[in-house]
Amino acid sequence: MAHEPQNDWNPLNEESLRDQRQAYDEMRERCPVAHSKLMGWSLFRHEDIAAVLADPQTYSNVSQFMAIPNGLDPPVHQQYREALDNNFESEQMSKLEPQARKIAADIFESVLVADEVEMVAAFANPFTMKTLCALLGWPENQWQYFDRWVQDSLKASFNSDSAAGKKLANDFSEQVKNNLKKRRTSPSERGDATDSLMNTVVNKVQLDDDQIVSVLRNWVAGQGTVAASLSILFMHIAQNKALQNQLRSNPALIPAAIEEILRVDGPLVFNPRTTTKDVKIQGRLIPKGEHIALMWISGNRDPRAFDQANVLNVERNNVDTLVWGQGAHVCQGAPLARLEMRVAIEEMLLKTKLVELGKKAPRRAVHPSNGLSELYLRFS
Ligand code: HEM
């Protein structure tokens, strides 16, 4: 019988639920390779995470369910990845930018009338999901479906509720397939991402509907991460007046500020891998076939990799950042995420003189997210 490793920690313990950053900082120093029932082997150090990312043969990303392209290993992974890259090229992003800016401006216009605004529900969620609808050329009112789907998926994952997860997967598939069906009944070259996905060919075979559903599951989840990131970015800008003034007087610093804030305060808790052979990390033996969790938030705050790692420094050289991952699976949607976050911050600063935290303190989301569940802001 396989020997069950002893658990070193519980990712849902009180410390983690209170403040994931602090809890993971502590784990990184005390127990950098830690086993838990929920996540398998969590890696907290930057060097260990980077080593895993650089060796996809030993650390497989193949998933139980179809996930394109992230649930594939090289060399098959590359074929799908390259076929999908065109959706995030600069031409596509330039075409999307005015639409994303209008979505942001319209939402700000409607929310700026109140004294205090809860920005997660009022801005981050609708902005990201409406922008996705624009990219796909789908009716804007579908944003609510995708928003709900992300929230319910996080809940199902927190509760390890596989029945709810399965139902969500089926609903999502139906929603996407209905859109594809409509597109087929009134075909026209619109040049949007739906056209592009329906015409994607890998190894001379066109993507089928189930494969497109799998690609889009990833994109919608990615937009959920953008929404979580926006809540974190807005909070830092509201509570750090010096940073806010710096960005107001020099908006060209916004992209660097985004990278640095998300390095110090990451939106994404972890991504998994599976060992394809026995390995030793920080002296601990991890057998073949075990689950590994790459703890992004902790790796990005590792003082061995970044000078004064927990201090926000917009001028920092962030070449070693793990915000987007590294290697074969580095975030494919990063150009879209960066565009959305820049546009949202630019519009917020343009339309206001001062952004401050509201009276009600920000509330953190809990595992498996690290965005905010509530962020009240005041605008002048
Ligand atoms: C601020 C927002 C985002 C962050 C911080 C983020 C972060 C990441 C990270 C860390 C990975 C690597 C995962 C791994 O190695 O297992 C990844 C992969 C990926 N992301 Fe993102 N992501 C964001 C937004 C998005 C968006 C908006 C999309 C698409 C619309 C997207 C699509 C993907 C895809 C398709 C992959 C898998 C790439 C592959 O396997 O080749 N992401 N992301």
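One-based numbering, in listed order, for ligands and for the atoms of each. Hydrogens, waters and symmetry mates are skipped; everything else that's a heavy atom, side chains included, is used.
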Can you list every pair where an N/O of ligand 1 is under 3.5 Å from an N/O on the protein?
residue, atom, partner, partner atom, Å
ligand 1, 15 (O), R273, NH2, 2.7
ligand 1, 16 (O), R273, NH1, 2.8
ligand 1, 16 (O), R273, NH2, 3.3
ligand 1, 40 (O), H77, NE2, 3.4
ligand 1, 40 (O), H329, ND1, 2.6
ligand 1, 41 (O), H77, NE2, 2.7
ligand 1, 41 (O), R81, NH1, 2.7

(request) Carefully, step by step, assess F379 and K351 under the rule side chain to side chain contact (heavy atoms under 4.5 Å, CB included). (result) CA-CA 9 Å; F379 300 98; K351 291 197 159 26; over 6 Å; no
(message) Taking side-chain hydrogen bond (donor to acceptor under 3.5 Å, both in side chains) as the definition, give me every residue that meets it alongside Q223, ordered by chain and number, with sequence neighbours left out.
(response) E340
(message) Checking salt bridge (Lys or Arg N to Asp or Glu O under 4.0 Å) between K360 and each of E374, E116, E118, which is the one that passes?
(response) E374
(message) Using ring centroids (six-membered ring only for Trp), state whether F146 and W219 fall under 6.0 Å.
(response) no
(request) Please write out which residues are connected to W296 in a hydrophobic cluster, directly or through intermediates, given that two of Ile, Leu, Val, Met, Phe, Trp, Tyr count as joined at side-chain heavy-atom separations below 4.5 angstrom. (result) V33, W41, L43, I49, V52, L53, Y59, L268, V279, I281, I286, I292, L294, L322
(message) Please list all pairs meeting side chain to side chain donor-acceptor pair (under 3.5 Å) that have one or both residues in residues 248-259, counting only residues at least two apart or in different chains.
(response) Q244-R248, R248-T352, E259-W324, E259-R338
